[in-house]
Number of protein chains: 2
Amino acid sequence: MAGHGGRGRSEGRGRSGGRPTLEEVAARAGVGRGTVSRVINGSPRVSDATRAAVEAAVAELGYVPNTAARALAANRTDAIALVVPEPETRFFAEPYFSDMLRGVGAELSDTEMQLLLIFAGSDRERRRLAQYLAAHRVDGVLLVSVHADDPLPDLLAQLEIPAVISGPRSAGETLTSVDSDNYGGARSAVEHLLSRGRRRIAHITGRLDVYGAQCRVDGYREALRDAGYGTGELLIESGDFTEEGGRRAMSALLAAHPDLDAVFAGSDVMASGARQVLRDAGRRIPDDVALVGYDDSAIARHMDPPLTSVRQPIVEMGRAMIDLLLAEIADRRPAPVRSVERRHAVLPTELVTRASS
Amino acid sequence: MAGHGGRGRSEGRGRSGGRPTLEEVAARAGVGRGTVSRVINGSPRVSDATRAAVEAAVAELGYVPNTAARALAANRTDAIALVVPEPETRFFAEPYFSDMLRGVGAELSDTEMQLLLIFAGSDRERRRLAQYLAAHRVDGVLLVSVHADDPLPDLLAQLEIPAVISGPRSAGETLTSVDSDNYGGARSAVEHLLSRGRRRIAHITGRLDVYGAQCRVDGYREALRDAGYGTGELLIESGDFTEEGGRRAMSALLAAHPDLDAVFAGSDVMASGARQVLRDAGRRIPDDVALVGYDDSAIARHMDPPLTSVRQPIVEMGRAMIDLLLAEIADRRPAPVRSVERRHAVLPTELVTRASS
DNA sequence: AGGTACCGTGGGAGCGCTCCCACCGGTGAT
DNA sequence: ATCACCGGTGGGAGCGCTCCCACGGTACCT
């Protein structure tokens, strides 16, 4: 807290008060600055005896590296940001973020890296974030829940900041991405319904400008195609991930195909809307119509009857994001561009079977 | 991303790639480095014309200060930490933290300060935190939900890191603190019950090693004393902030004082436990026994009947914590010790009346 | 014996900023 | 006219670290 920059302190660098520096550790250990630096940073090019001497000096002096100095000299920050482009309320309300944070935190705990949580829900916060990124205050960025038209990914690319996105924006995502297997998850849901003897299976989609929702439609379509269904036998109605959307889609489906005996909804929330309409129409679940959702959220567990749903491995996705991001940061360290090919991790989903199907 | 330390880049500092530096801005504006620094930092000792010229150069070059360099030279980080000595799950589960974070974030948004969220639930995380603090990577610390025997406050004092605690650990708290008026909140609850004609009012306390719980007992005691009650007429039973504790305390109270007609519980959770016991004993709420809780949590709103409860201004407490912390940091900047007297803010509570009383 | 290799090491230079001192010219007091 | 003063300014020095070059020593080759 005491000494500041400037000449003002040239007289005797008193031992008391200030934190010890590399130089002081070096003097104590009877070696040079460079050697201490090598020990601190775990370089292998140090003899065991020297390393031991330095470590002793570090312990005696209670030396802790000055992060600012290191950041300045090495041009890195040892910090990464988890950017949440949502208002904070959403962050706390949805278990998705909590799980993600858990995975990220767990994977990061073996590291020297510091995680920053940044909300960018409002315009103001976004401007702040842009400033923050422009200042290169983080070595990399984790992007979750990004909308298709968000300018953030482009900004990151332009600033050449390593970034990993969860839920790619399209099949040709330019950023390194982590995703759950939406296609496979949808397939497993539909195949489950088929195996239960259902024959007229409808699908309520999410917003089709969301890539993941699109993949789920593909999974539905191909599962039925592989079961011998023709294109004309697909019962697809689009929702928008909301409960109201689920209700509307379900009403339309029921009107057009009164003989349907199963519904695969693209999210638990939409399944909840669908359930209301089915019940109002006098259809029993699962006796008359089987229902399957997606996300395996709290809604699914508390629905009446409990909802079969596709679980995404959110925690593992968080871990995977960190793995990829750290790799990308490491890659970029020596040469600006090396492995240009982007990496895309896709993690398996799991069908959680409950009474609704 | 390109240039590193060392001599390696001495040949021509090309405009492309690297971020502009203070020096470059100064050259562009035709002034000295010091002057640009003054403008950037809003010093008043700059003429309007010069300021305009510098600002133009900053805009043209897209200059953004290098945080690491500033931190190194000025010995500050422009960051503060919100330390949560709980596992992350608690953090997401309890609206307390969410509200607190909202207040803190709001108050900080006018500032250049960066907020770090640090969990210190496990031993491992705590060791990490200690290292973090020893490296002085933040200018100040916000401490929430700290237990009486936590060594963290001492560590902060020893490292001379400014800190503000929410919920002082005792009446003689050495750290600057922010609290809600537990005493006044309890008084208002009891006075409310008296005004509703209740005459035999019991109190279920929280853990008495928590200072706030102690204050609530004082409020209960003095409200009754001022209403003319003698010490012998106090009906106090201690809980431990848990639902089970609330049940136990309520059972004991009911056994000892079957004629009680009101209960003031030191938390909503304990009130919830008490309600179960009252109901099992055939007491109607509020007809036979009025019930009042503390915290005004979601539990209170969803209880049957909805629970009258004392609301704490958590968001405002968050704001107040930031105010005090920033003041403390500013104070300490020129002279290590100036205003030694600690500040303690106490914010008013509000009784939210519902059907249970 | 001389040459080459390599390991371990010391220390110069520089990262981009803040702080402070010195200096400038213009005022107002003497 | 002289001097002290003051607002405004330029730039040296230094913050603590990393990076890299240079250097001495040992080991191994020819």
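Keep in mind the model is a prediction, meaning the values are calculated, not measured. Chain identifiers are assigned alphabetically (A, B, ...) following the order of the sequence lines, protein sequences preceding nucleic acid strands; residue numbering begins at 1 within each chain. No hydrogens, no waters, no symmetry mates; every other heavy atom, side chains included, goes into these values.
Out of C:dC15, C:dG8, C:dC17, the shortest distance to the side chain of A:A73 is found at C:dC15. For A:Y63, the listed nucleotide lying nearest its side chain is D:dC17; candidates were D:dC17, D:dT9, C:dT9. Here C:dG10 is the nucleotide among C:dC17, C:dG10, D:dG8 with the atom lying nearest to any side-chain atom of A:V31. The listed nucleotides are D:dG16, C:dT9, C:dT18; the one nearest the side chain of A:L72 is D:dG16.
Pairs passing the salt bridge (charged side-chain N to carboxylate O under 4.0 Å, His left out) check and including a residue from residues 48-66 of chain B, sequence neighbours excluded, read B:R28-B:E60. Within the structure, salt bridge (charged side-chain N to carboxylate O under 4.0 Å, His left out) contacts touching residues 68-88 of chain A (residues at least two apart or in different chains) are A:R76-A:D78, A:E86-A:R90. Counting only residues at least two apart or on different chains, the side chain to side chain donor-acceptor pair (under 3.5 Å) pairs with a member in residues 30-39 of chain B are B:S37-B:N41. Among residues at least two apart or in separate chains, ring-ring contact (aromatic ring centres under 6.0 Å, His included) pairs with a member in residues 102-129 of chain A are A:F91-A:F119. Within the structure, salt bridge (charged side-chain N to carboxylate O under 4.0 Å, His left out) contacts touching residues 115-127 of chain A (residues at least two apart or in different chains) are A:R124-B:D110, A:R126-A:D150.
Salt-bridge annotation for B:R343 and B:E328: present, with a side-chain N of the basic residue lying under 4.0 Å from a carboxylate O of the acidic one.
Taking atom CD of A:E23 as the reference point, atom P of C:dG10 lies 12 Å away to the nearest angstrom. Rounded to whole Å, the distance from CG on B:D48 to C1' on D:dG7 is 13 Å. Rounded to whole angstrom, the span from the CZ atom of B:R76 across to the C1' atom of C:dT18 amounts to 8 Å. D:dC17 atom P lies 14 Å from atom CG of A:D78, rounded to whole Å. To the nearest angstrom, C1' of C:dG16 lies 6 Å from CG of B:N66. Going from atom CG of B:N75 over to atom P of D:dG16 covers 8 Å, rounded to whole Å. Residue B:L22 contributes atom CG, which lies 4 Å from atom P of C:dC17 at whole-angstrom precision.
For A:T67, the side-chain contact (heavy atoms from CB on, under 4.5 Å) partners at least two apart in sequence or on another chain are B:A135, B:R137. Judged as a side-chain contact (heavy atoms from CB on, under 4.5 Å), and not counting sequence neighbours, A:A53 has no contacts. Here A:E112 pairs with nothing under the side-chain contact (heavy atoms from CB on, under 4.5 Å) rule; sequence neighbours left out. Partners of B:S98 according to the side-chain contact (heavy atoms from CB on, under 4.5 Å) rule, which considers only residues two or more places apart in sequence or in another chain, are A:F92, B:R102.
Phosphate proximity of D:dG8 to B:R45: absent, as no side-chain N or O sits under 4.0 Å from OP1 or OP2. When the side-chain nitrogen and oxygen atoms of A:S47 are compared with OP1 and OP2 of C:dC7, none of them lie within a distance under 4.0 Å.
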Check nucleotides 24-27 of chain D against the protein and report each pair of N or O atoms closer than 3.5 Å, with its distance, or say if there are none.
none

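The stretch residues 33-44 of chain A touches DNA chain C through A:R33, A:G34, A:T35, A:R38, each having a heavy atom under 4.0 angstrom from the strand.
Note that CG of A:D179 and CD of A:E173 are 10.0 Å apart. Values are rounded to the nearest 0.5 Å.
Comparing B:A69 and B:V46, the nucleotide of DNA chain D nearest to each residue sits closer to the 5' end for B:V46.
Rounded to 10 degrees, the angle between the two end axes of the helix from C:dA1-D:dT30 to C:dT30-D:dA1 is 50°, with five pairs used at each end.
No option in B:V164, B:L142, B:I165 other than B:V164 meets the side chain to side chain contact (heavy atoms under 4.5 Å, CB included) test with B:L324.
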